[in-house]
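To keep things clear, I will list the structure first and then write my remarks on it.
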Amino acid sequence: MLPRGMPTPRALMLATLALLLTGCGSVSTSYSPPPEPARIPPLSPEARQPVIPLECLPTCSKGLTAARESWLNTPTPPASPAKPASAPMTH
(Lines give C-alpha, C1' and ligand atoms only; values in the text may rest on other atoms or scores of the structure.)
Protein backbone atom coordinates (compact mmCIF):
# COMPACT_ATOMS: atom_id res chain seq x y z
CA MET A 1 0.00 0.00 0.00
CA LEU A 2 1.32 3.45 -0.93
CA PRO A 3 1.33 6.26 1.62
CA ARG A 4 -1.26 8.96 1.16
CA GLY A 5 -0.21 11.79 -1.11
CA MET A 6 2.04 9.59 -3.31
CA PRO A 7 0.89 9.19 -6.93
CA THR A 8 0.11 5.69 -8.03
CA PRO A 9 2.34 3.92 -10.55
CA ARG A 10 -0.46 4.12 -13.08
CA ALA A 11 -0.67 7.92 -12.70
CA LEU A 12 3.12 8.19 -13.09
CA MET A 13 3.04 6.11 -16.28
CA LEU A 14 0.24 8.24 -17.73
CA ALA A 15 2.11 11.45 -16.88
CA THR A 16 5.29 10.12 -18.51
CA LEU A 17 3.36 9.09 -21.61
CA ALA A 18 1.73 12.51 -21.85
CA LEU A 19 5.14 14.23 -21.61
CA LEU A 20 6.60 11.98 -24.31
CA LEU A 21 3.68 12.55 -26.67
CA THR A 22 3.78 16.33 -26.27
CA GLY A 23 7.52 16.34 -26.96
CA CYS A 24 7.09 14.34 -30.14
CA GLY A 25 4.05 16.27 -31.30
CA SER A 26 5.44 19.78 -31.13
CA VAL A 27 6.47 21.42 -34.38
CA SER A 28 10.01 22.66 -34.54
CA THR A 29 9.99 26.37 -35.32
CA SER A 30 13.70 26.76 -35.86
CA TYR A 31 14.88 25.26 -39.13
CA SER A 32 18.45 25.40 -40.24
CA PRO A 33 19.31 24.43 -43.81
CA PRO A 34 21.73 21.54 -44.28
CA PRO A 35 25.35 22.63 -44.18
CA GLU A 36 27.25 23.02 -47.44
CA PRO A 37 29.45 20.06 -48.35
CA ALA A 38 33.05 20.45 -47.31
CA ARG A 39 35.30 21.88 -49.99
CA ILE A 40 38.40 19.84 -50.67
CA PRO A 41 41.43 22.07 -51.17
CA PRO A 42 43.69 21.40 -54.16
CA LEU A 43 46.76 19.25 -53.62
CA SER A 44 50.11 20.89 -53.15
CA PRO A 45 52.69 20.25 -55.90
CA GLU A 46 54.62 17.93 -53.55
CA ALA A 47 51.54 15.76 -53.04
CA ARG A 48 50.75 15.38 -56.75
CA GLN A 49 51.78 12.30 -58.68
CA PRO A 50 54.54 12.83 -61.20
CA VAL A 51 53.82 12.81 -64.91
CA ILE A 52 53.73 9.25 -66.28
CA PRO A 53 56.82 8.50 -68.36
CA LEU A 54 56.37 7.26 -71.92
CA GLU A 55 57.57 3.78 -70.92
CA CYS A 56 54.50 3.34 -68.73
CA LEU A 57 51.79 3.74 -71.32
CA PRO A 58 48.75 1.45 -71.07
CA THR A 59 50.01 -0.51 -74.07
CA CYS A 60 53.12 -1.37 -72.04
CA SER A 61 51.08 -3.15 -69.36
CA LYS A 62 49.03 -4.92 -72.05
CA GLY A 63 52.23 -6.14 -73.66
CA LEU A 64 53.57 -7.38 -70.33
CA THR A 65 50.32 -9.20 -69.62
CA ALA A 66 50.45 -10.88 -73.05
CA ALA A 67 54.09 -11.89 -72.48
CA ARG A 68 53.25 -13.41 -69.09
CA GLU A 69 50.36 -15.37 -70.55
CA SER A 70 52.60 -16.75 -73.29
CA TRP A 71 55.17 -17.74 -70.64
CA LEU A 72 52.48 -19.63 -68.74
CA ASN A 73 51.40 -21.47 -71.89
CA THR A 74 54.96 -22.44 -72.87
CA PRO A 75 55.78 -25.92 -71.59
CA THR A 76 58.94 -26.17 -69.57
CA PRO A 77 61.55 -28.67 -70.75
CA PRO A 78 61.81 -31.84 -68.66
CA ALA A 79 64.45 -31.73 -65.98
CA SER A 80 67.70 -33.47 -66.80
CA PRO A 81 68.60 -36.41 -64.61
CA ALA A 82 70.88 -35.23 -61.85
CA LYS A 83 72.95 -36.88 -59.20
CA PRO A 84 71.04 -37.99 -56.14
CA ALA A 85 70.87 -35.43 -53.36
CA SER A 86 72.45 -37.82 -50.87
CA ALA A 87 75.50 -38.84 -52.85
CA PRO A 88 78.22 -40.51 -50.82
CA MET A 89 80.95 -38.20 -49.71
CA THR A 90 84.51 -38.88 -50.84
CA HIS A 91 87.62 -37.77 -49.01
Side-chain angles (χ1 to χ4, degrees):
M1 191 93 204
L2 291 175
R4 291 190 180 257
M6 289 285 291
T8 62
R10 183 178 216 164
L12 290 174
M13 284 192 289
L14 287 175
T16 304
L17 180 62
L19 285 173
L20 287 172
L21 289 176
T22 56
C24 294
S26 65
V27 178
S28 175
T29 55
S30 64
Y31 171 76
S32 60
E36 291 184 25
R39 296 186 64 220
I40 300 173
L43 288 175
S44 66
E46 296 85 22
R48 295 176 190 253
Q49 290 185 345
V51 178
I52 299 173
L54 294 176
E55 302 88 43
C56 297
L57 293 175
T59 54
C60 179
S61 63
K62 286 181 186 175
L64 180 60
T65 302
R68 285 184 185 158
E69 286 176 358
S70 70
W71 297 338
L72 290 175
N73 294 332
T74 306
T76 56
S80 61
K83 295 181 183 177
S86 60
M89 293 178 51
T90 58
H91 293 318

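Start at 1 with the first residue, then count along the sequence.
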Exercise for review: State which residues pass side chain to side chain contact (heavy atoms under 4.5 Å, CB included) with R48; sequence neighbours excluded, sorted by chain then number.
Suggested key: P42, L43
Review point. Got a sec, which residues hit side chain to side chain contact (heavy atoms under 4.5 Å, CB included) with S70, two or more places apart in sequence or on another chain?
Key: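 For S70, no residue satisfies side chain to side chain contact (heavy atoms under 4.5 Å, CB included) once neighbours in sequence are set aside.
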Exercise for review: Nearest 0.5 Å please: distance from the CG atom of L19 over to the CG atom of L14.
Suggested key: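 CG of L14 is found 11.0 Å from CG of L19.
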